[in-house]
> 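Okay, here's the structure, questions in a sec.
Only heavy atoms go into these numbers, but all of them, side chains included; no hydrogens, no water, no symmetry mates.
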Amino acid sequence: MAQCVQSVQEFIQDSFVPMVAVLCSEDAEKVTRKNNLNFSELVRPFCRLTSEGHMRDPNNQIQVVKNLKISVSNVVTQPPKAAVVRRLLDEVVSVCQPAEALVANVITAGDYDLNISDRSLKASVPWYNSWKETLTELNTSKFYAATTPWFEAYRENFLQSMPASEHEFLNHYLACMLVVSSREATPVEEFLKLSQEQHRIQHSGEHSFPKWFIPNTLKYYVLLHDIDDGDEQRADSVYEDMKQRYGTQGCYLLKINSRTSGTGSDEQIPDPWGQYLQKSSFQNQDLHEEGSSAMENNTTVENSTGAVDVDGLDPSTKDGVPNNFDSHPLQLDHPSDPGGPQDDLEALKSPAPGCEGKKQPGVTSHGACLTLNDHDRIRQFIQEFTFRGLLPHIEKNIRQLNDQLVSRKGLSRSLFSATKKWFGGGKVPEKSISELKNTAGLLYPPEAPELQIRKMADLCLLVQHYDLAYSCYHTAKKDFLNDQAMLYAAGALEMAAVSAFLHPGAPRPYPAHYMDTAIQTYRDVCKNMVLAERCALLSAEILKSQTKYSDAATLLIKMTSEDSDLRSALLLEQAAHCFINMRNPMARKFAFHMILAGHRFSKAGQKRHALRCYSQAMQVYKGKGWSLAEDHINFTIGRQSFTLRQPENAVSAFRHILINDSKQAASQQGAFLREYLYVYKNVSQSSPEGGLPQLPLPCIQSSATRVFFGHDRRLAEGEKQAATHVSLDQEYDRDLSQQWKELEEQVVAILHRGVPANFQPTQYCLNSQTDNTRFPLAVVEEPIIVEVVFRNPLKIPLLITDLSLLWKFTPKDFSRPQGRESEESGETVSNEKDAHTVKAQLKSDFISTEVILEFSMGLEETKVARLKLLPHQTGELHILGVVYNLGTAPSAAEGNPVGDGMTVRGRQDLEIQGPRLNGTKEEKTSVKHGPDRRLDPIITPPMPLLEVFFINFPTGLLCGEIRKAYVEFVNVSQVPLKGLRVVSKHPEFFTFGSQAAPLTPLSPTASENCSAYKTVVADQAAVSLVSPGDFGAGGDGQCPGVVEIPLPDSVLLPGTSVQLPLWLRGPDHEGVHEINFLFYYESTEKTSKLSHRVLRHTAIICASRSLSIRATARRSNTFQEQEDGHSGSMLVFVDVENVNTNESGVREFHIVQVSSSSKHWRLLKCINPSKDKDSKLTSRQRGKLCFRATKCRTIEATSSAQEKYTFADVNLGNEQIISATTPCADFFFRRCQSAEPKKMAAVGHGGFGHSKGPDSEDVTSVVRKCSEVDLNVIVLWKAYVVEDNKQLILEGQLHVALQTIGKEVCSLTQKEEAQEMVLLKFKPEHPPPLARPSMEQLSYLIKTNLHYPESYSHPFPQRSLCMVPVTLRLSNCSLAQVDVIIDLRHKATSPETLEVHGSFTWLGQTQYKLRLNAQEIHKLQLTACFIHAGVYNLGTPRVFAKLSDQGSMCETSQQNSMPALIIINSV
């Protein structure tokens, strides 16, 4: 149970106190009425004795009476009616409410802060987070107060309102005070009249109420003297006469009213009466209108379900019954006063701080004419009456009753036993209660010995003589059970258990089974729920004091029934408190029984208590996954709050139902939504001036909100294809976004010689994965689209109308250049105030807001709404949330909206949590989130806006195919555009043409065939010298991927457009290729915020296989003197294979031309033996071409000349394509640039300078250059394609780069090479060896040629030896001195070679040693000797070479020349 103010012993002692009646004369009443009190009310705060009393028991032992309290009340001859008692108890509970202003144990349940425990003990954590700690603190605290004061108020008033019964004497009057004023003419006669009146009431039989304890009631004569208005001497003389007449112990002179009501108002006198006045209201004569006969003794007074619902009525009049319940502060006498009311039960209870009293207007103070001395006189009067009058009277009656019982003991044991035997009485065998008949109506005569025993027991109980009381109750119990007087027996059992518990020595354990039997008897046999309830209240308190909370809870729950909702509610609440006071608190049982208590409170009309119970139970069910229970509790809280005129709390409760993932049926959800809309409507109507509150539906996934900055782009028309750019329909790709950022940084780095520190990459679409730490930039007069994700969690459709964005805007001027921007800002404006009406927020001078008129959502649907804003001024914009009307969509079955067309207008804020910070140690150890500013854009001044359209842009190309298209650039803004550039990761895919010279008109043939190349009539081999800078690939520092687009006048004016040609080349590898273009442009006016803009385009190209080119370079074996004395020729073998699979309808390929591009070599002519110059290749055919290459003419070694490339064209058809112009040269240079990083990574940077001591890198470089070629071969082809029964001619070009002699290169990468695995090296065990040239590289140092006649005739018959002169030509191919060894001896490895080579020999020296300088050519004259005619191979000399300055290096065998055959004829 809940914590109580009093201990259990104090509570039970105060429940059974001696009753004293009061009869006052009219003058005496006038004296007390000066203080707005009657006499009984005047003395009530002083009725607890502060000193001990003494009396002797029948054995003449002194008994000490401690802390005794007496009850003084006016004589009322009619008992209160049951309806009045019900209203009284109902009002007592209704008035007493938890204090709202006091801080107590706090429970956070939704939007509620609940007060569950006491008001003086403060808890710093919610109850449900620390059950055990809070309970321990409650139980061990010495200063706790009541947690349920309404229950204690109910219990006290219930016990006081119990009617007197015949079967017990505890609430019968023991004495009567006769009060007469000293102003009476004949006070003694007035005393006589009052005495006769008391005798008449008690003995005439006219009145059955009140009940009197014994026939000889103690009469105590009180002379009341008004000091302010009376003769004190006369009062003293009258009092002396009274003492002579009634004795000193039977009368008293009480002097009051020491001050007049008009004087001494500045002195503050405490008012201890106010808190007690409400407790006697049920005894007030004003309550007993409609006089009725006395109630029977066994009449049950109950609070039935028919109790009047008094909550919400005027507290001053309820059913015509005056109400004295007020809210009074706790007012105590001075603590030093030993007789102060702090010892009184009512003073300790202090209902006001724990209850919300309902104050009656115009209430005056009490005791206005009394001083503190008067208070002491009243207190002394009560003590004199008790110690000199009441206690001796009780002691005398106990002795008399004891003597009577002792004297009758033998008679009762003989006469009565014999009488019972004669009449069959005898000893009744014990029977269970269920077997006993209902004898609740059996009445004993007043003189019955059993009643005398009970009377004696009650007297002993009242004066705290619990041992004797228990013995008497136990004896009476046996007699009552023998007589089957169950009502009397139950009363004796109840009081026997109470006496046993209150006995301080505790010689016997508390007989709990006595109480259980008494309760069962009252309830089931006697059908008296009032007595059963009293017994249960006492027993529950006793069990609680013994920490038997489980038994107490069981007992309280058993007492609940359908006849009284209020009683059931209070007992269920106390049972719930029992569950949380157990050693192991049972939180769920607490919550469950609080729900039951709240339900019964609601039925009893106690709406506030019902709301409190449900709110306290919510703390246990909340957040545990019990969604149905949460829904029920929130629904009830919402209804009760609305009934109690707390619409805000009602809205909050219904909101909780709707925002959770409800498991309710659709019909129930519809009911919830109906209630919510109705309550919300009332709230909004009651406070129309307030801001729009938050709506719970639909749920907004704030983190999924996307913001798009861009205009509505025009769609493609006809053959035009618009740039893809960015749109909300595209999914975010982190890798792709990084690529766009790198491309933008690439352009910015070139234009600004590095990326600026404040560079902010352009982001058109912001979402949860983008970098939102900076304020995004938007442009004035360009729309901002916010995509909000709504989710309908309910199983019923929703209808949202007039949906728009809420924003706040601060105007600022950003038009000045960077660093000089104005800091002045205008006044912040917002559309929140105008959000109540839709029309007011549509147009604004700052921001235009688009409104979606209707937005319907199906059941459990997630739907996206795109809301648009159009800024008209520069400044800072903050998007706050959305505003809309919430209603329900029409049901398909009913055709009517669920809420009968009811809609409410509200808002939801867009609150986006930024990413969690994880940079520093502090951030890693705590949970901190960074900013997310995607909803806070900065509106910048006007900027140009570019749209790009592609015309005749292909989707499929052959590998290497050249296609011409057009690009249209349109400036759709009001600002001129300049600095247009395009950047791509694949610059080899496209070109806008050469910047060196204007485009020359195409030849007639090219125009006829729609060729992309420039052609001329084939007459001779064309050689051109071209600088890479002419094609945007020079050494001007430009990145190969950045291309400046040649706009006319370099500016694109507003509203104008321009078309430019664009050449495309199919990728070298087949497959689907995604190629990204980033168009970069700037405004002609510099602004501080936005320096440039970009436009994105992604092209998807499907490349099909065309031709495979393999090329090899070999040294020529010919010996030709050139004009300049230097020789240099080479054979280039080109293998071309048609690898197309006819998928694209290609019939055949024609190799129309082979061109070369190099700084050192050029193709001279085709030496193919085939006469058919035009090579045709059908599917899977292969052709082989052989070309002679020669070194370019030496030109002045200027820096410009060294950087130029020589283009040589060898045509195989009738037309010659000029490869040194657009687009052939463009794609060649772009391919070279894209391959440059790979080549540099593979080769490394070799030093070409010569020093006295070259290191290993110099050696490697020197040796490598011997075999380097650096010749690029360009194969131009045409393909004949049949498409739609039409023949088309496609053209293209493929490139291969010959780098080394003898090494084959291919235009297609081998799959095996792509799949080759590279071993991972985590830690090198040894330092890498120095780079040394390979044997193959060293074998190319010396080039050898044999010069001899192809045939030689010799007359062998005349001369047997034939000697032929042979010239051995040695060429040093390196740039360093080389030591050469020529060995002419035959090296026979097999008999066959021995036979062949043994037939001729070299004459002269067999070995030569030479040193050749760099690039030197040396001729060595040799003589071959033959002895037979035949065909001989002269290529037997072996040549070894090494670098002169490498002493440790061995000579390396040089590559043999081709076979040198000579024919020796015999003549």
Side-chain angles (χ1 to χ4, degrees), residues 12-13 15-20 53-65 68 70-71 164-175 202 211-218 297 386 389-413 416 442-483 485 487-505 507-508 511 514 518:
I12 297 179
Q13 284 180 10
S15 299
F16 304 105
V17 296
M19 303 282 292
V20 179
H54 300 84
M55 60 177 292
R56 293 183 181 272
D57 62 5
N59 295 327
N60 211 26
Q61 298 292 324
I62 295 180
Q63 296 290 330
V64 180
V65 181
L68 179 66
I70 63 174
S71 175
S165 177
E166 293 290 348
H167 78 287
E168 63 182 13
F169 304 93
L170 293 170
N171 51 359
H172 292 195
Y173 285 123
L174 270 168
Q202 181 177 358
K211 302 291 184 182
W212 301 89
F213 207 104
I214 50 180
N216 187 19
T217 301
L218 171 66
N297 288 335
T386 306
L390 184 62
L391 288 181
H393 176 70
I394 294 175
E395 180 182 344
K396 182 182 70 172
N397 280 278
I398 290 177
R399 285 180 179 274
Q400 290 177 358
L401 289 171
N402 185 65
D403 293 342
Q404 291 177 13
L405 292 173
V406 170
S407 63
R408 293 183 182 181
K409 190 172 184 181
L411 179 63
S412 64
R413 291 291 179 266
F416 286 127
L442 174 63
L443 296 177
Y444 287 96
E447 303 81 11
E450 292 85 354
L451 286 188
Q452 300 306 314
I453 297 176
R454 170 65 197 247
K455 190 176 293 185
M456 179 179 172
D458 287 346
L459 281 174
C460 293
L461 180 68
L462 292 176
V463 293
Q464 303 175 8
H465 196 347
Y466 300 120
D467 192 14
L468 183 56
Y470 177 79
S471 300
C472 295
Y473 284 129
H474 196 267
T475 302
K477 179 240 335 175
K478 292 182 179 178
D479 292 339
F480 292 142
L481 286 176
N482 288 336
D483 296 338
L487 179 63
Y488 295 86
L493 284 169
E494 177 186 4
M495 291 302 133
V498 170
S499 300
F501 173 73
L502 292 177
H503 194 286
R508 61 186 65 83
Y514 279 13

> Applying side chain to side chain donor-acceptor pair (under 3.5 Å), name anything that partners H172, two or more places apart in sequence or on another chain.
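If we apply the side chain to side chain donor-acceptor pair (under 3.5 Å) test to H172, skipping adjacent residues, there are no hits.
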
> Looking only at side-chain N and O atoms, does D483 offer a donor or acceptor that is under 3.5 Å from a partner on Y444?
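Short answer, yes.
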
> Using ring pair (Phe, Tyr, Trp, His ring centres under 6.0 Å) as the criterion, list what pairs up with Y470, not counting sequence neighbours.
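Counting only residues at least two positions away or on another chain, Y470 forms a ring pair (Phe, Tyr, Trp, His ring centres under 6.0 Å) with H474.
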
> Got a second to check how far L462's CG is from L68's CG, nearest 0.5 Å?
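So the CG of L462 and the CG of L68 are separated by 8.5 Å.
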
> Would you call E168 and R454 a salt bridge, taking side-chain N to carboxylate O under 4.0 Å as the test?
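A salt bridge links E168 with R454.
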
> Can you list the residues that meet the side chain to side chain contact (heavy atoms under 4.5 Å, CB included) rule with P445, with sequence neighbours excluded?
E447, A448

> If we ignore hydrogens and angles and just use 3.5 Å, is the side chain of T217 paired with the main-chain N or O of F213 as donor and acceptor?
no

> For the residue pair L174 and P18, what are the closest heavy atoms and their distance?
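Of all heavy-atom pairs spanning L174 and P18, the closest is CD1-CB, 3.8 Å.
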
> Would you please classify the geometry between the H167 ring and the Y488 ring as parallel, tilted or perpendicular, with 30° and 60° separating the classes?
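Correct class here is perpendicular.
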
> According to side chain to side chain donor-acceptor pair (under 3.5 Å), who are the partners of N60, at least two apart in sequence or on a separate chain?
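Applying side chain to side chain donor-acceptor pair (under 3.5 Å) to N60 gives R399.
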
> Just to verify, what does N397 make a side chain to side chain contact (heavy atoms under 4.5 Å, CB included) with, not counting sequence neighbours?
I214, H393, Q400, L459

> Only counting residues at least two apart or in another chain, list the ones meeting side chain to side chain donor-acceptor pair (under 3.5 Å) with Q452.
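Residues passing side chain to side chain donor-acceptor pair (under 3.5 Å) with Q452: none at all.
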
> Working to the nearest 0.5 Å, report the span between CD1 of I398 and NZ of K455.
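It comes to 12.5 Å.
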
